[in-house]
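First comes the structure, then the notes that go with it.
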Amino acid sequence: MKKYLVSLSMLAILAACGGNEEKKETTTAATTTTAATDDLSSNPDYVKGLELIGKSDCLTCHKVGDKLIGPSYKEVAEKYENTEENITMLAGKIIKGGQGVWGSVPMTAHPTISEEDAKAMVKYIMLLKK
């Protein structure tokens, strides 16, 4: 009888130790996936858009998280769904300017910015959506 109790105890200990290892692997994989999706610095749309915005006068009127003269980039990202149609429409507003969506203050036109660069800027802004 003593042998059976010792054997059952050993099996219970081994089973308990084996179960924890599987949970650790799952937790590590989930943490790695979350960290990879939160890190935008390796996203080419993020890098290119941020660089173009940094070279332009956009930050005179806009900030990433706070309203200045114009809406924050995060407010723009929250307002519009990230579709090709919206990216094209917002790129057009960067190039041609606009007024009335965010108040009466007009957005200055930027006719020297190419449509490709304006779309890259909008793609960066859309990545700021929570």
Side-chain angles (χ1 to χ4, degrees):
M1 182 76 174
K2 237 180 181 181
K3 290 180 183 177
Y4 290 116
L5 287 176
V6 170
S7 297
L8 286 175
S9 298
M10 294 297 285
L11 284 174
I13 291 171
L14 289 174
C17 290
N20 283 341
E21 289 179 20
E22 288 180 24
K23 287 181 182 178
K24 286 180 182 175
E25 290 176 13
T26 304
T27 303
T28 303
T31 303
T32 303
T33 303
T34 302
T37 57
D38 289 344
D39 181 19
L40 294 172
S41 64
S42 60
N43 184 317
D45 288 334
Y46 180 88
V47 173
K48 184 174 182 181
L50 181 62
E51 179 185 345
L52 290 168
I53 285 174
K55 290 178 181 177
S56 73
D57 64 347
C58 299
L59 296 173
T60 305
C61 298
H62 301 276
K63 285 186 170 184
V64 172
D66 298 319
K67 179 175 175 31
L68 199 56
I69 295 171
S72 72
Y73 290 145
K74 287 185 177 180
E75 288 175 318
V76 174
E78 292 297 325
K79 183 176 181 97
Y80 297 100
E81 189 177 339
N82 190 2
T83 63
E84 192 60 38
E85 181 182 10
N86 283 337
I87 291 171
T88 301
M89 181 269 298
L90 292 170
K93 287 189 177 278
I94 291 172
I95 296 168
K96 297 175 187 169
Q99 183 178 8
V101 176
W102 296 94
S104 59
V105 178
M107 178 168 162
T108 308
H110 299 82
T112 58
I113 295 177
S114 71
E115 184 174 351
E116 179 185 345
D117 285 351
K119 284 183 175 181
M121 292 169 163
V122 174
K123 287 178 182 177
Y124 157 78
I125 292 168
M126 291 301 193
L127 288 171
L128 300 175
K129 184 178 275 189
K130 292 180 183 173

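Basis for what follows: all heavy atoms, side chains included, without hydrogens, waters or symmetry-related copies. Just so we're clear, the structure is a prediction, and the values are computed from it rather than from any experiment.
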### Task
Might you confirm whether atom NZ of Lys96 has over 12 heavy atoms from other residues, nucleotides or ligands at distances under 6.0 Å?
no
### Message
Grouping I, L, V, M, F, W and Y whenever their side-chain heavy atoms are under 4.5 Å apart, do Ile69 and Leu59 come out in a common cluster?
### Response
no
### Query
Atom CG of Asn82 and atom CG of Leu127: how far apart are they, to the nearest 0.5 Å?
7.0 Å
### Message
Let me confirm one number: the CG-CD1 distance from Leu90 to Ile95, rounded to the nearest 0.5 Å.
### Response
11.5 Å
### Task
Keeping the roles fixed (side chain from Glu75, backbone from Gly70), state whether a donor-acceptor pair exists under 3.5 Å.
no
### Query
Any sub-3.5 Å donor-acceptor pair from Lys129's side-chain atoms to Ala77's backbone N or O?
yes
### Heavy-atom closest contact (Cys58 atom, Ser56 atom, distance)
SG-OG, 2.8 Å
### Inter-residue atom distance Lys79.NZ - Asn86.CG, 0.5 Å rounding
11.0 Å
### Message
Does Glu84, at its CD atom, have more than 12 non-hydrogen atoms belonging to other residues, nucleotides or ligands within less than 6.0 Å?
### Response
yes
### Query
Rounded to the nearest 0.5 Å, how far does CG of Leu128 lie from CG of Leu40?
7.5 Å
### Task
May I ask you to decide if the ring planes of Tyr80 and Trp102 are parallel, tilted or perpendicular, using 30° and 60° as cut-offs?
perpendicular
### Query
Roughly how far, to the nearest 0.5 Å, is CG of Leu52 from OH of Tyr124?
11.5 Å
### Query
Would you find a donor on one side and an acceptor on the other, under 3.5 Å apart, between the side chain of His62 and the backbone of Pro71?
yes
### Worked check of side chain to side chain contact (heavy atoms under 4.5 Å, CB included) between His110 and Asp57
CA-CA 9 Å; His110 299 82; Asp57 64 347; 2.8 Å; yes
### Task
Nearest 0.5 Å please: distance from the CG atom of Asp45 over to the CD1 atom of Ile87.
8.0 Å
### Query
Please walk me through it: do Lys55 and Glu51 pass salt bridge (Lys or Arg N to Asp or Glu O under 4.0 Å)?
CA-CA 6 Å; Lys55 290 178 181 177; Glu51 179 185 345; 3.0 Å; yes
### Query
Under a 4.5 Å side-chain heavy-atom rule over Ile, Leu, Val, Met, Phe, Trp and Tyr, are Val64 and Met126 clustered together?
yes
### Ionic contact status for Lys119 with Glu115, cut-off 4.0 Å
yes
#### Entry: Cluster link Met89 to Tyr73, ILVMFWY, side chain under 4.5 Å
yes
### Task
Please report the shortest heavy-atom distance between Gly65 and Ser72, naming the atom on each side.
C-CB, 3.6 Å
### Full working for side chain to side chain contact (heavy atoms under 4.5 Å, CB included) between Ile125 and Ile53
CA-CA 10 Å; Ile125 292 168; Ile53 285 174; 4.3 Å; yes
### Task
Step through the shown structure and confirm whether more than 12 heavy atoms of other residues, nucleotides or ligands are within 6.0 Å of CD on Glu116.
no
